[in-house]
Amino acid sequence: MNHNEFYNLLSECRLISPIWKYELDLFEKQIEDDYLKLFLVYFALVDKGNIALPLKLDEFRKVSQDLVEGLKAMDEDSDEDLISTLSKEISNLEATLNKVENEVETKLNTIFEVSGGYLYLKKYNHARVSIIEDIKRLFAPRFSNIKKFEIEDFYKKDSSFSLSDGQREIVNSGLNKNLVITGGPGTGKTTSIVYLLFYLLSNNINYNVYLASSSGKAASRMKESILNGMELINPLLKEKYSEVNKKISGAVGSDISEYTIHRLLEVDPETNKFKYNENRQFDENSIFVIDEASMIDINLFSSLLKAIKTGSRLFILGDKNQLPSVGAGEVFSELLRSKMLTGNGEVVEIKKSQRFKEDTTIYKLSLIINNDSYLDLKKESFLDPSLFKVEKVDKAKCPVYYYLNSGDKLHQQKIIQSVLDVWVKCFFLGSDIKSASTNLKEDSDFDKVYNFNERSKVITAENDGVRGVREINDYIKKIIYKRNDLSLDIIRTMYSYHMAGEVMMITKNNKALDLYNGDSGVLVSFSDDATLYFMVKKDSKIVYKEGKVDDKIFKIGSFVFYPLRMIPLSDISLSYAITVHKSQGSDYENILVIPPTSVNHPLLNRQIIYTAITRTKGNTYILSNLEALLHAKSNVLRRITNIDI
């Protein structure tokens, strides 16, 4: 089998993106077929988030086996002969492992590199090396002469709030050194930053403060959390340090702004490169707070660190148990394990959750998922509508309900649709969201409608198939349209037809509109205006004046309204259901988690399940089976990133 036939085999197995065929075409005449086939195996690994191919035989066999086993699980109707052929062809490449370094050095050294027994695309190895160098550079300085007051001075006299031990460690350690901070949802990572910022700004009010994350929604939520955290601080202290108080919670957008990392670094449209880089860095007198760092891929992480000057303050926040980035690499998790940081105390972990009480079911389940405790499911009937709780969420309880899901693909589709029928009836039809979103008058109306976006969410690992967001969103929309007596012709063309009340999410960054991947909201209309608007809760950088303007972008209170016609349909999608990746950095009152059911499915892993179930601040519903959850618990996703040195 030549390399073109091998590519076709990988493509038929859905293990490789078409882009790699074009990459291979650039140098296929320079090198023998077996090496080309080995590079194709590497590209398949890159598509799964790895940045390197191991050249040691035992490691190569392991990653190859994972590819094949994952293929079997992803496709229940997979062709056994096809998989057998693939396995054999990959095994035949083992003889080339110890010879590929010479081929790379003599013929392909502008594209690949071999380092430490691994094959890399040059861009990934350069990003890896630069991250190691920049972490050493940025975390080397120690900051002294910081004047501080007692942490107890922060608290209101009549408040029961106090920082946990982990939060105190962040504040005390962060005064004198840069930190990598990890903790689960609701552990108070951002709250700790509020107090740390107050200390640092009380010493130097001229610091530039940048709040950044990989998604617009995560960045906005961080800003919102910081403003909420300021409400907990003693008014007397805020009065004494009025300039600090004003800088953190004063004029919105003027002193401390939130950014996506792309917007922070500023893409130059002429070169398609970042304006801020190693040659043009941010001012040294800056504080960077980087949230949801597990979501940042290796290239973006490298670009960010390069743009930060030595001597700047840097606090990197994330959850070690959450999913890695959509793009290549697993940088945050490796930083937490790295000897560069752990030996000097720059890594701080908060373990106590403020959101989930220790006696709640969801807290116990999250612990079980992340350790070796036995996982026991309470078996409930998925057909019982009473199990969907639509009353006001009791955050002190945070219960979990299980719905067993097994059988062939057709049977699973019927089960999922039966559950969705009840889900839509409880959270969308009964609430009459369409009526509410067409009669907007008072500010409270906007909050009420927007809360439908936060009230319930279906969370799944897959984009396609019976458990995929596309099919689930399609099905939910059909139910809602039928309820509103829309014709079957309209339902068939619903991808280009929208109505008030639909819950939607931005899927691509649009700098011109100040809309970014992950921004979510609700479609609304006004009785005096035929325009359909996308209503999103955020601080917009392009709208400053309050008040409605027909068929234009406008702002009312904390909401920005975009005429839907301005947003390319390819940049926005329904979000009744979202992927686990899209859900990171968010929480909802009710979540329905639909994980893969096939054992060995590459998306059935510990990080997927943990991230999904912890997106709740109320009720959690899990449609799965015990075998699948037990497998996910034992399958810890690890990517080859090689920063952990």
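Values below: all heavy atoms of this structure, side chains included; hydrogens, waters and symmetry mates excluded. Nothing fancy with the numbering, it's 1 onward along the sequence. Please read all numbers here as calculations on a predicted model, not as lab measurements.
Minimum interatomic distance between Pro54 and Leu97 (heavy atoms only, all atoms of both residues): O-CD2, 4.4 Å. Of all heavy-atom pairs between Glu330 and Arg639, the closest is OE1-N, 2.9 Å. Residues Thr614 and Ser366 approach most closely at CG2-CB, 4.1 Å, considering heavy atoms. Heavy-atom minimum distance, Tyr7 versus Ile16: CE1-CG2, 3.8 Å. Here the closest heavy-atom approach between residue Arg615 and residue Thr611 is recorded as NE-O, 2.8 Å. For the pair Phe332 and Asp319, the tightest heavy-atom approach, listed with the atom from each and the gap, is CE2-N, 3.7 Å.
Checking side-chain atoms of Asn510 against main-chain N and O of Leu515 turns up no donor-acceptor pair under 3.5 Å. Of the possible donor and acceptor atoms, one in the side chain of Tyr562 sits under 3.5 Å from a partner among the backbone N and O of Leu513. No donor-acceptor pair under 3.5 Å is formed between the side chain of Thr641 and the backbone N or O of Ile643. Of the possible polar contacts, one joining the Ser583 side chain to the Val580 backbone as a donor-acceptor pair under 3.5 Å is found. Checking side-chain atoms of Ser312 against main-chain N and O of Glu284 turns up a donor-acceptor pair under 3.5 Å. No donor-acceptor pair under 3.5 Å is formed between the side chain of Lys275 and the backbone N or O of Glu266. Put simply, the side chain of Asp297 gets close to the backbone of Leu300: a donor and an acceptor are under 3.5 Å apart. Under a 3.5 Å cut-off, the side chain of Ser173 and the backbone N or O of Ile170 do not form any donor-acceptor pair. Judged by distance alone, the side chain of Asn473 and the main-chain N or O of Val469 form a donor-acceptor pair under 3.5 Å. Checked by atom type and distance alone, the side chain of Asn50 never pairs as donor or acceptor with a backbone atom of Ala52 at under 3.5 Å.
By the 4.0 Å N-to-carboxylate-O rule, Arg221 lies too far from Glu292 to be salt-bridged with it. Of the charged side-chain nitrogens involved, at least one lies within less than 4.0 Å of a carboxylate oxygen, so that Arg470 and Asp464 count as a salt-bridged pair. A salt bridge links Asp66 with Lys62: the closest approach of a Lys/Arg side-chain nitrogen to an acidic carboxylate oxygen falls below 4.0 angstrom. Taking a cutoff of 4.0 Å between a charged side-chain nitrogen and a carboxylate oxygen, Arg142 and Glu346 qualify as a salt bridge. Here Arg137 pairs with Asp134 in a salt bridge; the nearest charged N to carboxylate O distance falls below 4.0 Å.
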* **Step-by-step side chain to side chain contact (heavy atoms under 4.5 Å, CB included) determination, Ile51 to Tyr118** => CA-CA 9 Å; Ile51 70 162; Tyr118 291 88; over 6 Å; no
* Mind running side chain to side chain contact (heavy atoms under 4.5 Å, CB included) on Asp514 and Arg263 for me, showing each step along the way? => CA-CA 9 Å; Asp514 194 30; Arg263 190 165 71 85; 4.2 Å; yes
* side chain to side chain contact (heavy atoms under 4.5 Å, CB included) between Phe139 and Lys177, intermediate numbers included -> CA-CA 7 Å; Phe139 283 79; Lys177 54 190 174 184; over 6 Å; no
* Chi angles and distances behind the side chain to side chain contact (heavy atoms under 4.5 Å, CB included) call for Leu55, Leu119 -> CA-CA 7 Å; Leu55 300 179; Leu119 173 71; 4.2 Å; yes
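Residue Asn2 holds its CG atom at 5.5 Å from CG of Asp33, rounded to the nearest 0.5 Å. A distance of 7.5 Å separates OG in Ser520 from CD1 in Ile578, rounded to the nearest 0.5 Å. To the nearest 0.5 Å, the span separating CD on Gln584 from OG1 on Thr579 amounts to 8.5 Å. The NZ atom of Lys37 sits 13.5 Å away from the CD1 atom of Ile31 when rounded to the nearest 0.5 Å. To the nearest 0.5 Å, atoms NZ (Lys309) and CG (Leu138) are separated by 12.5 Å. Here the CD1-CZ distance, from Ile131 to Phe301, works out to 6.5 Å after rounding to the nearest 0.5 Å.
You'll find the side chain of Asp519 reaches within 4.5 Å of the side chain of Lys538, heavy atoms only. Between Phe112 and Glu103, every side-chain heavy-atom pair lies at or beyond the 4.5 Å cut-off. Residues Leu36 and Phe27 have side chains in contact (heavy-atom distance under 4.5 Å, counting atoms from C-beta outward). Looking at Val68 and Ile83, their side chains come closer than 4.5 Å, going by heavy atoms from C-beta outward. Residues Glu28 and Asp25 are in side-chain contact: their nearest non-hydrogen atoms beyond the backbone lie under 4.5 Å apart. In this structure, the side chains of Ser575 and Lys457 come closer than 4.5 Å at one or more pairs of heavy atoms. Side-chain atoms of Ile298 and Tyr124, non-hydrogen and from C-beta on, do get closer than 4.5 Å to each other. Contact check for Asp34 versus Leu93: side-chain heavy atoms found under the 4.5 Å cut-off.
Between Gln607 and the choices Asn635, Ile369, Asn370, Leu323, the side-chain contact (heavy atoms from CB on, under 4.5 Å) rule is met once, by Leu323. For the ring-ring contact (aromatic ring centres under 6.0 Å, His included) test with Phe288, the passing option among Tyr210, Phe315, Tyr259, Tyr276 is Tyr210; the others fail. A salt bridge (Lys or Arg N to Asp or Glu O under 4.0 Å) with Glu113 is found for exactly one of Lys123, Lys122, Arg128, namely Lys122.
Crowding of Glu32 atom CD: a count of heavy atoms from other residues, nucleotides or ligands under 6.0 Å not exceeding 12. Surrounding CG of Asn272 are at most 12 heavy atoms belonging to other residues, nucleotides or ligands under 6.0 Å away. Atom NZ of Lys273 sits in a sparse spot, with 12 or fewer heavy atoms from other residues, nucleotides or ligands closer than 6.0 Å.
Using a 30° and 60° split on the angle between ring planes, Phe43 and Trp20 fall in the parallel class, below 30°.
In summary, the side chains of Thr460 and Arg467 do not present any donor paired with an acceptor at a separation below 3.5 Å, with no hydrogens or angles considered. Residues Lys582 and Asn517 have side chains that bring a donor and an acceptor to within less than 3.5 angstrom of each other.
With a 6.0 Å cutoff to the six-membered ring centre and a 45° limit on the axis angle, Arg313 does not count as a cation-pi contact of Tyr207.
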